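Proteins come first, then strands; the chains are lettered A, B, ... in the order of their sequence lines, and each starts at number 1. Note that the structure is a prediction, hence the values are computed from the model and not measured.
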2 protein chains.
Amino acid sequence: MLLSKTCTYGLLATLFVATQKGKRDYVPIREISRQLNISFHFLTKILQRLTTHNIMNSHRGPNGGVRLARTPDQISLMDIIEALDGNKIFEGCVLGLPGCGETAPCPLHQSWSQSRDIIIHSFTTANLATMSHEIQKGMLRISGMDDGLTRKDH
Amino acid sequence: MLLSKTCTYGLLATLFVATQKGKRDYVPIREISRQLNISFHFLTKILQRLTTHNIMNSHRGPNGGVRLARTPDQISLMDIIEALDGNKIFEGCVLGLPGCGETAPCPLHQSWSQSRDIIIHSFTTANLATMSHEIQKGMLRISGMDDGLTRKDH
DNA sequence: TATAATTCAGACTCTTTTATCTTTAATTTA
DNA sequence: TAAATTAAAGATAAAAGAGTCTGAATTATA
């Protein structure tokens, strides 16, 4: 898998929050965790990172929770991936060859650069607005990580 | 990094063997390990897998070692990657979304398919012949994994 | 036939990453 | 003040990846 579980959890949670928009202000993490069947504490950590990266806002206390820090169209998939997985996926030589660079490119250097640019482009143009629109049209399910496991903490 | 260390070691070793072609028949693993500064026993395992996947031939005893099982132009990068890393990199939904498929594609499904095809294409067309040609032209170094460590076993 | 050189095979350890759980503290609302 | 909620840090567990070690099997050659 290209993306880590942390990253997909973060994405699913963000999408979930995006589709709740309007119904209320802050969405409690515990509820997200229950709906998506993700460990509450794990999800908490993930959302904390999204908060520090200014993708989410959080609020403590009763009626607290998280909400999007910006409008859905201003949050790209790339933002979430960078916040959670960093950009190590997109850096360096594909082959891991030492010394590969512009001056001495490996045989795949060029074509990998192209592929990578395509990937980055699609990650950057995909934003929460279009994705949650897809969800409302029924093109995409976010019905939870149903891996058959029961977790202690939601 | 997209590819595992196992995979880059395997690739480097295979390239090394390819560039030795003609000088002798079998190349001892111990020598490859010394030249590329890769742990001998670890490299042995890797090359065993390449042998079972019919990328290398091996020979025991004095003057033994490994050699390419086919001509360099008939061994693609993809062959090596599949033998060592499998094809899990190229399978499944990029986002890891449950239920993503042709009938209910996620928002990135199409563009990811395209990117993936490009990557697979370049991995498939890159073969040892062209790559070792680059090496002879000095475009690519395979001068070893010089990570500053000394290994006990070469 | 003995010996040395080599791969083969498997078990083992160490490290890193990923995922989860536990606990305590801080904050906010009612 | 009590209850609800996130914040923070760390412990733990599981899995995968990387690397090491030992011994057996095979082979060339002296």
Discussion item. For a quick check, with a 4.0 angstrom heavy-atom cut-off, what is the B/S/- contact string for nucleotides 10-18 of chain C, read 5' to 3'?
Written reply: -B-------
Discussion item. I need the minimum non-hydrogen distance between A:Cys93 and A:Cys106, along with the two atoms involved.
Written reply: SG-SG, 3.8 Å
Item to complete: Report yes or no: do B:Tyr26 and B:Ile38 belong to one cluster of Ile/Leu/Val/Met/Phe/Trp/Tyr joined by side chain heavy-atom distances under 4.5 Å?
Response: no
Quiz: residues 112-121 of chain A side-chain donor-acceptor pairs under 3.5 angstrom, not counting sequence neighbours:
from, atom 1, to, atom 2, distance (Å)
A:Ser113, OG, A:His109, O, 2.8
A:Ser115, OG, A:Ser111, O, 2.9
A:Arg116, NH1, A:Phe90, O, 3.0

Worksheet, complete the sentence: Nearest heavy-atom approach of B:Thr6 to B:Phe42 is OG1-CZ, 3.6 Å
Worksheet item: Does the base of C:dT7 carry an N or O that pairs as donor and acceptor with the side chain of B:Arg60 under 3.5 Å?
Response: yes
Worksheet entry | Cluster link A:Val94 to B:Leu84, ILVMFWY, side chain under 4.5 Å | yes
Practice prompt. Among residues two or more places apart or on two chains, list those pairs meeting salt bridge (Lys or Arg N to Asp or Glu O under 4.0 Å) that have a residue in residues 73-82 of chain B.
Written response: B:Arg70-B:Asp79
Practice prompt. Round to a whole Å and report the spacing from CZ of A:Arg30 to P of D:dT6.
Written response: 8 Å
Practice prompt. Would you tell me if any nitrogen or oxygen in the side chain of B:Tyr9 comes within less than 4.0 Å of OP1 or OP2 on D:dG19?
Written response: yes
Fill in: Residue-phosphate contact under 4.0 Å: A:Asn63 side-chain N/O, D:dT5 OP1/OP2
no
Practice prompt. Assign B:Ile29 to base, sugar-phosphate, or nothing according to its heavy-atom contacts below 4.0 angstrom with the strands shown.
Written response: sugar-phosphate
Discussion item. Quick one: does any side-chain atom of B:Thr19 pair with a main-chain N or O of B:Leu15 as donor and acceptor, under 3.5 Å?
Written reply: yes
Discussion item. Distance check needed: C:dT7 C1' versus B:Glu31 CD, whole Å only.
Written reply: 15 Å
Practice prompt. Could you give me the CA-CA distance, side-chain angles and deciding distance for A:Val27 and A:Phe16, then say whether side chain to side chain contact (heavy atoms under 4.5 Å, CB included) is met?
Written response: CA-CA 9 Å; A:Val27 184; A:Phe16 181 80; 4.3 Å; yes
Worksheet entry | Separation of C:dT20 C1' from A:Phe40 CZ (nearest whole Å) | 13 Å
Fill in: Rounded distance (Å) that lies between atom P of D:dT6 and atom CZ of A:Arg67
14 Å
Worksheet item: Which atoms form the tightest heavy-atom contact between A:Thr124 and A:Ser76, and what is the distance?
Response: O-CB, 3.3 Å
Worksheet item: To 10°, what angle do the rotation axes through the five end pairs on each side of the helix from C:dT1-D:dA30 to C:dA30-D:dT1 form?
Response: 0°
Fill in: Distance (rounded to the nearest 0.5 Å) between B:Ile46 CD1 and B:Ile29 CD1
10.0 Å
Side-chain donor-acceptor contacts of residues 51-58 of chain A below 3.5 Å, not counting sequence neighbours, with atom names and distances?
from, atom 1, to, atom 2, distance (Å)
A:Thr51, OG1, A:Leu47, O, 2.8
A:Thr52, OG1, A:Arg49, O, 2.9
A:His53, ND1, A:Arg49, O, 2.9

Worksheet item: In terms of hydrophobic clustering (I, L, V, M, F, W, Y; side-chain heavy atoms under 4.5 Å; direct or indirect links), are A:Ile75 and A:Val17 co-clustered?
Response: yes
Response to the item:
Residues in residues 48-59 of chain B with a heavy atom under 4.0 Å of DNA chain C, by number, are B:Gln48, B:Ser58, B:His59
Worksheet item: Rounded to whole angstrom units, what separation is found between the CG atom of B:Leu47 and the P atom of D:dA18?
Response: 15 Å
Worksheet item: Side-chain N or O of B:Ser39 less than 4.0 angstrom from OP1 or OP2 on D:dT20?
Response: yes
Worksheet, complete the sentence: Separation of C:dT20 atom C1' from A:Asn37 atom CG, nearest Å, is 13 Å
Worksheet item: Nearest-Å distance, CG (A:Asp25) to P (D:dT5)?
Response: 14 Å
Worksheet, complete the sentence: Here the distance between atom P of D:dT6 and atom CD1 of A:Ile46, to the nearest Å, is 14 Å
